[in-house]
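One structure is given below, encoded as structure tokens.
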Amino acid sequence: MRHLPLSSLARVGKQPQTLYAARQCMRRFGYTSSSSPPSAGKRPLPFPLGFLGIGGGLVAAYFLWPDTSRSAPTYTDAALSPTHFTPVTVTASEPCADPSTRLITLTVPPRLLPSLQNSIFSPVWSIFIKDDDIQVERPYTPLEGIDEAGRMKFWIKRYPKGEVGRWLHSKGVGNRIEIRGPLKTWNWLDDTWDEVVMISGGTGITPFYQLLHRVLLSRPETACSTRFTLLHSSRVPGELPPPELLRPLKEYAQEYPDRLRLSFFVDVADGTSAQAVSMHEIRQGRIGKAEIAKVIGDGNGETWWWQRLLRVALVKPTPLDDRKVLFLVCGPEPMVQAIAGPYGRNYSQGAIGGILGGLGCAASQVWKF
């Protein structure tokens, strides 16, 4: 799942074509590839606008006009940065049980690593990967961040119409590709929330895994004041995340059930199986209001039979907007819309709707990736 950083244009590729083309017409080219940064004071050359027509010209511009970020320079001897591309090496490409996904490891030359103590590497962050064949870039989220050897691991799905994902699946160990980043996707702050509920679909689990790896898995001896809950859904059991993701989460949840809770859902039980999750741990059906309400204990989820008979609840729930509860949602757009409401104009966060809106969540309590 790709996640656009906060600093990028809001989901540029999904903007209305005319608006996107108009913005492109106002942009300038960046620098061409080079091995060192440009000298001070040097400016990019403007692209001649010509006489584009309002109708057909804008459509042509949408398809043909180069993107500023795509024409950013490539440097082989400058530290990793969002402002230019850096060549990195594919050091692992492992197939998963779901043949449309792979675990791919990219390695940055250690000499080009900025300080890993930089706040930009706190969750959640991503990088852009460029398909050199068609000069298109897409953002991807490293599962475990980046280590001192420069390694970043990704769980990447190949979509029928996903150019970069298909291109990455074709790359083997030793191949070189270009990336730029890191770029902040969403900023985690310790000791801010009592509870964080993460709702994901498909590869939408990747930003949540990065968050959990940093806050919980990498420092199990450190007590965390926030309780995390992950509700994850896939189409069928065979498409659930690979064991490399699920086993560490399950082991942590078993040892620290007060810090992490997990629930897995599938749309259809088609006979396939998940490698790291037994079938009795998987619920069939989509993540709905009852499942979310049960997690937060607001009284709208499942109740005991005698409560239903007597029509009473043990404790009147505290309104959600008075609680320090945060919901993070990432997955296919129809899922995000059903859970948290549609994105706003140009794919900004938009108003809170869907299930979370019905439960009374405030805008400050929901983030849509």
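Contact record, His213 with Leu143: CB-O, 4.2 Å, taken as the closest heavy-atom pair. In plain terms, the two heavy atoms of Arg247 and Ala276 that are nearest each other are CG-CB, 4.0 Å. Shown here for Gly285 and Phe265, the closest heavy-atom pair between the two residues is O-CB, 3.5 Å. When every heavy atom of Gln284 is checked against every heavy atom of Ala269, the shortest pair comes out as OE1-CB, 3.6 Å. Nearest heavy atom pair, residue Thr141 against residue Pro207, reads CG2-CA, 3.9 Å. Nearest approach of Thr107 to Val88, heavy atoms of both residues: O-CB, 3.4 Å.
In this structure, OG on Ser170 lies 10.0 Å from CZ on Arg158, to the nearest 0.5 angstrom. Between the NE2 atom in His232 and the CG atom in Leu246 there is a gap of 7.5 Å [rounded to 0.5 Å]. Here CD1 of Ile156 is found 9.0 Å from CG of Leu103. Values are rounded to the nearest 0.5 Å. Rounding to the nearest 0.5 Å gives a distance of 8.5 Å between CD of Glu144 and CG of Leu217. Interatomic distance, Glu195 CD to Phe327 CZ, rounded to the nearest 0.5 Å: 7.5 Å. For the atom pair CD (Glu137) and CD (Gln135), the distance works out to 10.0 Å, reported to the nearest 0.5 Å.
No continuous path of ILVMFWY side-chain contacts below 4.5 Å connects Val236 to Trp155, so the two sit in separate hydrophobic clusters. Val266 and Val268 are not part of a single hydrophobic cluster, where members link through side-chain heavy atoms under 4.5 Å apart. Met152 is connected to Leu116 through a chain of hydrophobic side-chain contacts under 4.5 Å among Ile, Leu, Val, Met, Phe, Trp and Tyr, so both are in one cluster.
Residues Ile339 and Ile292 meet the side-chain proximity criterion, which asks for heavy atoms closer than 4.5 Å. Two residues are said to be in side-chain contact when any heavy atoms from C-beta on lie closer than 4.5 Å; Tyr209 and Pro241 fail this criterion. With a 4.5 Å cut-off on side-chain heavy atoms, Phe228 and Phe208 do not count as touching. Contact annotation: the side chain of Ile104 never approaches that of Tyr140 to less than 4.5 Å [non-hydrogen atoms, C-beta and beyond]. Considering only heavy atoms from C-beta on, Ile177 comes within 4.5 Å of Leu168 through its side chain. Within the 4.5 Å cutoff, side-chain heavy atoms of Leu328 are placed close to those of Leu211. Taking 4.5 Å as the limit, every side-chain heavy atom of Tyr75 sits out of range of all side-chain heavy atoms of Leu112. With a 4.5 Å cut-off on side-chain heavy atoms, Val108 and Ile179 count as touching.
With His169 contributing its side chain and Ser93 its backbone, the two residues share no donor-acceptor pair below 3.5 Å. Judged by distance alone, with hydrogens and angles left aside, the side-chain atoms of Gln365 form a donor-acceptor pair with the main-chain N or O of Arg323 at under 3.5 Å. Side-chain atoms of Glu251 never come within 3.5 Å of backbone atoms of Pro248 as a donor-acceptor pair (strictly under, hydrogens ignored). A donor-acceptor distance shorter than 3.5 angstrom exists from the side chain of Arg259 to the backbone of Pro220, with no hydrogens or angles considered. Remark: the backbone N or O of Thr91 is not paired with any side-chain donor or acceptor of Thr89 at under 3.5 angstrom. Panel note: side chain Lys368, backbone Gln337; no donor-acceptor pair is recorded below 3.5 Å. Not a single donor-acceptor pair under 3.5 Å links the side chain of Arg286 to the backbone N or O of Ser233.
In summary, Lys153 and Glu244 do not engage in a salt bridge, as defined by a charged side-chain N under 4.0 Å from a carboxylate O. A salt bridge between Arg138 and Glu163 is present, with a side-chain N of the basic residue lying under 4.0 Å from a carboxylate O of the acidic one. Between Lys157 and Asp98 there is a salt bridge, since a side-chain N of the basic residue sits under 4.0 Å from a carboxylate O of the acidic one.
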Run the side chain to side chain contact (heavy atoms under 4.5 Å, CB included) check on Trp167 and Ile134 step by step: do they pass?
-> CA-CA 10 Å; Trp167 181 80; Ile134 58 175; over 6 Å; no
Go through Glu221 and Arg219 one step at a time and tell me if the side chain to side chain contact (heavy atoms under 4.5 Å, CB included) criterion holds.
-> CA-CA 5 Å; Glu221 70 287 347; Arg219 48 183 186 183; 3.9 Å; yes
Applying side chain to side chain contact (heavy atoms under 4.5 Å, CB included), run through Thr185 and Gln210 and close with a yes or a no.
-> CA-CA 11 Å; Thr185 305; Gln210 185 188 103; over 6 Å; no
Given the rule in the side chain to side chain contact (heavy atoms under 4.5 Å, CB included) test, do Arg261 and Arg227 qualify, once you have shown the distances and angles that lead to the verdict?
-> CA-CA 8 Å; Arg261 299 181 296 177; Arg227 181 174 69 172; 3.3 Å; yes
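With 3.5 Å as the limit, one finds no donor-acceptor pair spanning the side chains of Lys324 and Thr226. One side chain, Thr83 or Ser81, offers a donor N or O that lies under 3.5 Å from an acceptor on the other.
In this structure, Trp188 and Trp186 have tilted ring planes: the angle between them lies in the 30° to 60° band. Using bins of under 30°, 30° to 60° and over 60° for the plane-to-plane angle, the ring pair Tyr256/Tyr252 lands in the tilted bin.
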